[in-house]
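Remarks on the structure that follows.
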Amino acid sequence: MEKDSKIPAHVSIIMDGNGRWARERGQERVSGHKKGVESVRTCLEAAVEAGVKYLSLYAFSEENWDRPKTEVDFLMKLMFDSISAEMESLMKNGVRFRVLGNKARLNPVLQDAVAGMENMSRNNDRIELIVFLSYSGRWDIFQAAKKFAYQYLSQPDGMERLEKENDFAAFSQFLVTDGVPDPDLIIRTSGEKRLSNYLLWQGAYSELVFVDKNWPDFGKEDFFNALSEYSSRDRRYGKVK
Ligand code: FPP
């Protein structure tokens, strides 16, 4: 990295191309997911090295539940096994671990493992690793909108106060990302150029970097290249500089 480069506080990754990586090698799709866990570890190390404070990963979308049951079961077991296997190393390295999304849909054993790891790591502050599981941007905005509206409508003058509300921050505290800064940089692997229902609200001003490699082939150098690309961007947030 260049000495005076801008380091994003929050880097988020849409990990894509595991299935294609496996197919290109004549293997089952799930072997791509297994290999993808190595890229997760590599990127976490690179993020710590660079001084990134939040690394978030789109690991399983609400739409992914519609994949074949064998693949869904494999992915859920992979999450559980990875959390169990990495727990010690995450603690040793000061990583705060969190899962965000529609957690009620996860099986109770995975929910317990996640809650245990979140609780144990809650005071770690070197970096926060956020795994989005059973997440979609529209789901997040929708569940937040319901809670937001309920807060007003349960009061006698609620409709009137809701009409006058124009503070985005008052709304965004109901998103599952409350307290997490919006992603400065979103990286998507595999050459696809879309957001696929990810962080639709939070990504309003994120810089996007698309990388042609499939996720299992994405390494440290690719991560640093994406940071360099970010550093060269001119962020104006719709204003004139
Ligand atoms: C997208 O590739 C990848 C996924 C849906 C799963 C990613 C999950 C992991 C790598 C495991 C992460 C584990 C932890 C602990 C965070 P795809 O299946 O959509 O690939 P394709 O587009 O080539 O079919």
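One-based numbering, in listed order, for ligands and for the atoms of each.
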Would you say Arg29 and Glu71 make side-chain contact, with heavy atoms under 4.5 Å?
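The answer is yes, as the side chains (C-beta and beyond) meet within the 4.5 Å cut-off.
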Could you tell me the residue and atom name of the protein heavy atom closest to [atom], and the distance to it rounded to 0.1 Å?
| atom | answer |
| --- | --- |
| atom 6 (C) of ligand 1 | Ala59 O, 3.4 Å |
| atom 13 (C) of ligand 1 | Met79 SD, 3.8 Å |
| atom 1 (C) of ligand 1 | Met15 O, 3.0 Å |
| atom 10 (C) of ligand 1 | Asn18 ND2, 3.6 Å |
| atom 15 (C) of ligand 1 | Ser82 CB, 3.6 Å |
| atom 22 (O) of ligand 1 | Arg20 NH2, 2.8 Å |

Taking the ring centre of each residue, are Phe132 and Tyr198 less than 6.0 Å apart?
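Aromatic pair counts; centres sit under 6.0 Å.
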Phe218/Trp215 aromatic ring centres below 6.0 Å
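Ring centroids of Phe218 and Trp215 are less than 6.0 Å from each other.
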Heavy atom of Arg29, distance to ligand 1 below 4.0 Å
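A heavy atom of Arg29 does come that close to ligand 1.
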Does some non-hydrogen atom of Arg67 fall short of 4.0 Å from ligand 1?
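Arg67: in contact with ligand 1 (<4.0 Å).
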For the residue pair Phe60 and Trp65, does the interplanar ring angle fall in the parallel (under 30°), tilted (30 to 60°) or perpendicular (over 60°) class?
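Rings of Phe60 and Trp65: perpendicular, as their planes differ by over 60°.
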Could you tell me how the ring of Tyr54 sits relative to the ring of His10: parallel (under 30°), tilted (30 to 60°) or perpendicular (over 60°)?
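The rings of Tyr54 and His10 sit tilted, inter-plane angle from 30° to 60°.
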When only distance counts, is Asn64 in polar contact with ligand 1, meaning an N/O pair under 3.5 Å?
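No.
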Lys35/Asp217 ion pair, N-O < 4.0 Å:
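Looking at Lys35 and Asp217, the cut-off is not met.
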Salt bridge check, Glu192 against Arg20: does any charged N sit closer than 4.0 Å to a carboxylate O?
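So Arg20 pairs with Glu192 through a salt bridge.
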